[in-house]
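First the structure, in the form of structure tokens, and then the observations on it.
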Number of protein chains: 2
Amino acid sequence: MARGFVTAEEVAKRAGVSRSAVSRTFTPGASVSQAVRRKVLKAARELGYRVNRLAQGLNNDRSNLIGVVGTNLSAPFISKQLDLLSIGLLRRGLQCLLLNAADARKDIAPLIELLFEFRAQAIVVLSGEPPSSIVDECIANGVRLILVNQRLDRTDTNMVLSDDSHGADLAALRLIAAKCQKVAVVSSASQTPAQVRRATAFTQRMQASGVDVVAWSDGPTGYESGYQAGCDLLRDKKIDGAFCVTDLLALGFLDAARIEMHRRVPEDVSVIGFDDIPQSGWKSYELTTIVQSLSTLTDNVLTALETDEPATRLQVVPVSMIERKTVR
Amino acid sequence: MARGFVTAEEVAKRAGVSRSAVSRTFTPGASVSQAVRRKVLKAARELGYRVNRLAQGLNNDRSNLIGVVGTNLSAPFISKQLDLLSIGLLRRGLQCLLLNAADARKDIAPLIELLFEFRAQAIVVLSGEPPSSIVDECIANGVRLILVNQRLDRTDTNMVLSDDSHGADLAALRLIAAKCQKVAVVSSASQTPAQVRRATAFTQRMQASGVDVVAWSDGPTGYESGYQAGCDLLRDKKIDGAFCVTDLLALGFLDAARIEMHRRVPEDVSVIGFDDIPQSGWKSYELTTIVQSLSTLTDNVLTALETDEPATRLQVVPVSMIERKTVR
DNA sequence: TAAATCATTGCGCACGTGTGCATTTTTTTG
DNA sequence: CAAAAAAATGCACACGTGCGCAATGATTTA
């Protein structure tokens, strides 16, 4: 019971073979006789040997580590994304080095530096806007960079994002069909690129149809902000529709409308969200919303990760609308 | 612009010093003159040098990697736990190697093996029951193992868990105070140790007071199962109280009670949950529940991680009850 | 049976870093 | 200014592994 881990050297000694034999036994496709292999495996089992992947990655230059950076890891949408991503990585024999960007909301550059130090093979950014200089460094070091739901004005990095503007269009058209006269767009103070795209696309489409639009954005992207928005906005009795750029906002808005402001949904006010988080399907809400296909989003990230020469740098994942019960 | 990463050797050559000087420049407390340090830093910046932590960990035997294993990473409670944990790790200069145990629900042994291969300094298990043999291997290899909300019959590993039985007691006493005559205990088919502890403690306390208890457990631990439980159980008009071992179950139960089974809560039925996830505070629910202090839970994990000689192996975190509006 | 082919094995180098040790340079002290 | 102390520097080894290369042993072919 030596302190620390067992090395291939010790296994070799016990099995009475060379260290190379041990290495080859654990290297698929290497040339070892059955007899030696058996001896090595026996010794390894007895000593509790495990190959050291760090040392392995040192001369392989394949660390098998994938860096994942994100904020708001406990928000339903992101956490589901992380869930699927981590499963997919594990299945592909890749490890997930998770960095929570909560402390460095805007500037995630230091975190990416850290991932460089760990020789991450690739980096997936779930949220937080990376400066353009980071992209250059990734390219220089041969690290693949994948941005999720986030658009950069460059063609030399991978981006996977949902079709925000089309989603916003769907929402707008639906509210127009519901004969809304005056609608609200609810977003948060964080104003992520995705949120801005959704809000502006929606606004444009509505205004083109001659519908009044009032914008609201304050606080963090969560239930409470949506609730606040509902309380603020629905003092205006004219408002009969709302598009919330996130389901969490929409659910807060819904509760404010029904419970605090005494409106009937959908009879008095129609509400549409974006994301389709699990809670939106709960019986108390049944929110009509734009669904991002989280599985195809994740699949695209994973293929972008393992493809050697990515054909398409920019992948836009289609969205659809699921009609539940919050639109007239 | 060489392919791959820059090494200390190259920096040394460019700066006109020895490789040792480079190493020392990036090692806090090492002896380097100002002049040399400046030259090295300049060269490093120009070349984009970053120390290779993998190689570093090779002779340090401090990989700085902490393995985190868990299932249901997108469930509100676990995801919040992961969120806090990953923040805390980062602040302490530790990296979070995340393994999603979704594919190996029961047997997480292979995942822990994998963490051994990466020479993780410590392993945090958020869910999924590790076999006792794993504990031995961790000890043999000097890897600290921390089990969260999960009790093993051994005294040689770290465990941090909420006071489940006391929480269940609080719930029982409250339902007794509400004069419930017949109550349900709702759990899931997964029957994790924590769930079992809560359910049995609750049942014992209730039966000791002469209250009828019916148990229900089926499906995964989520909203839908709670909903199903509500639909099944509330056919019995006698049932006027329920303790759900998880908030998600409780929320589903609530919706079933109010919407599907037309009961008034709390007038007809009282409901208590466990965890205090964000959704429980939402205006549509206002669930009375047992709150686990996620922050102290996480703090205890982190201190267990960095303390060299843990005084207390078993840490029980106190729980409390937050009264909202689902109990008469 | 001799020759040729093939599988197996061990040696030694490489990967990128930290650090002990001896040596050289600088600073402080008397 | 000389001597002693302190600081800085380079060399070489160690960490644990994969793999190329040459040598050895086993097997097939003529």
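Below, chain A is the first sequence line, B the second, and so on; all start at residue 1.
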How many Å lie between CG on N52(A) and P on dA14(D), as a whole number?
-> 18 Å
If only atom types and distance count, is the side chain of S86(A) paired as donor or acceptor with the main-chain N or O of L99(B) below 3.5 Å?
-> no
Tell me which nucleotide among dT17(C), dT9(C), dA8(D) gets nearest to the side chain of R119(A).
-> dT17(C)
Want to settle it: does R19(A) or A30(A) sit nearer the 5' end of DNA chain C, counting the closest nucleotide to each?
-> A30(A)
Picking from dG10(C), dT9(C), dA8(D), the nucleotide nearest the side-chain atoms of V17(A) would be dG10(C)
Across the strands shown, which category fits Y49(B) at heavy-atom distances under 4.0 angstrom: base, sugar-phosphate, nothing?
-> sugar-phosphate
Hey, is CZ on R92(B) packed in by over 12 heavy atoms from elsewhere, all under 6.0 Å?
-> yes
Is T298(B) close to I87(B) at the side-chain level, that is, under 4.5 Å between some pair of heavy atoms?
-> no
Derivation of the side chain to side chain contact (heavy atoms under 4.5 Å, CB included) call for M159(A) and R313(A) | CA-CA 6 Å; M159(A) 288 173 283; R313(A) 293 297 195 167; 5.9 Å; no
Reckon S20(A) touches a base, only the sugar-phosphate, or nothing at all at heavy-atom distances under 4.0 Å?
-> base
Can you tell me how far C1' of dA8(D) sits from NZ of K39(B), to the nearest Å?
-> 12 Å
note: N59(A), atom CG; dG18(D), atom C1'; distance rounded to Å ~ 5 Å
Among dA8(D), dG16(C), dT17(D), the one nearest T7(A) by side-chain distance | dT17(D)
Pick base, sugar-phosphate or nothing for V51(A), based on heavy-atom distances below 4.0 Å to the nucleic acid.
-> sugar-phosphate
Atom pair distance, as rounded to whole Å: CZ in R62(B) and P in dA14(D) = 23 Å
Interatomic distance where CD belongs to Q56(A) and C1' belongs to dT17(C) [whole Å] = 18 Å
To the side chain of R24(B), which of dT19(C), dG10(D), dG16(D) is closest?
-> dG10(D)
Which nucleotide in the list dG10(C), dT9(C), dT9(D) gets nearest to the side chain of S31(B)?
-> dT9(D)
Taking only the side-chain nitrogens and oxygens of S33(A), find out if one of them lies under 4.0 Å from OP1 or OP2 of dT9(C).
-> yes
Spacing between F118(A) atom CZ and dG16(C) atom P, to the nearest angstrom = 17 Å
R37(A) has an atom CZ; how far is it from atom C1' of dT9(C), in whole Å?
-> 14 Å
At under 4.0 Å between heavy atoms, what does T27(B) touch on the DNA or RNA strands: base, sugar-phosphate, or nothing?
-> sugar-phosphate
Ignoring hydrogens and geometry, is there a side-chain-to-backbone donor-acceptor pair from D164(B) to R197(B) under 3.5 Å?
-> no
Options dT17(D), dC15(D), dT9(D), nucleotide nearest the side-chain atoms of L58(B) | dC15(D)
Taking CD from E9(A) and C1' from dG10(C), how many angstroms apart are they, rounded to a whole number?
-> 12 Å
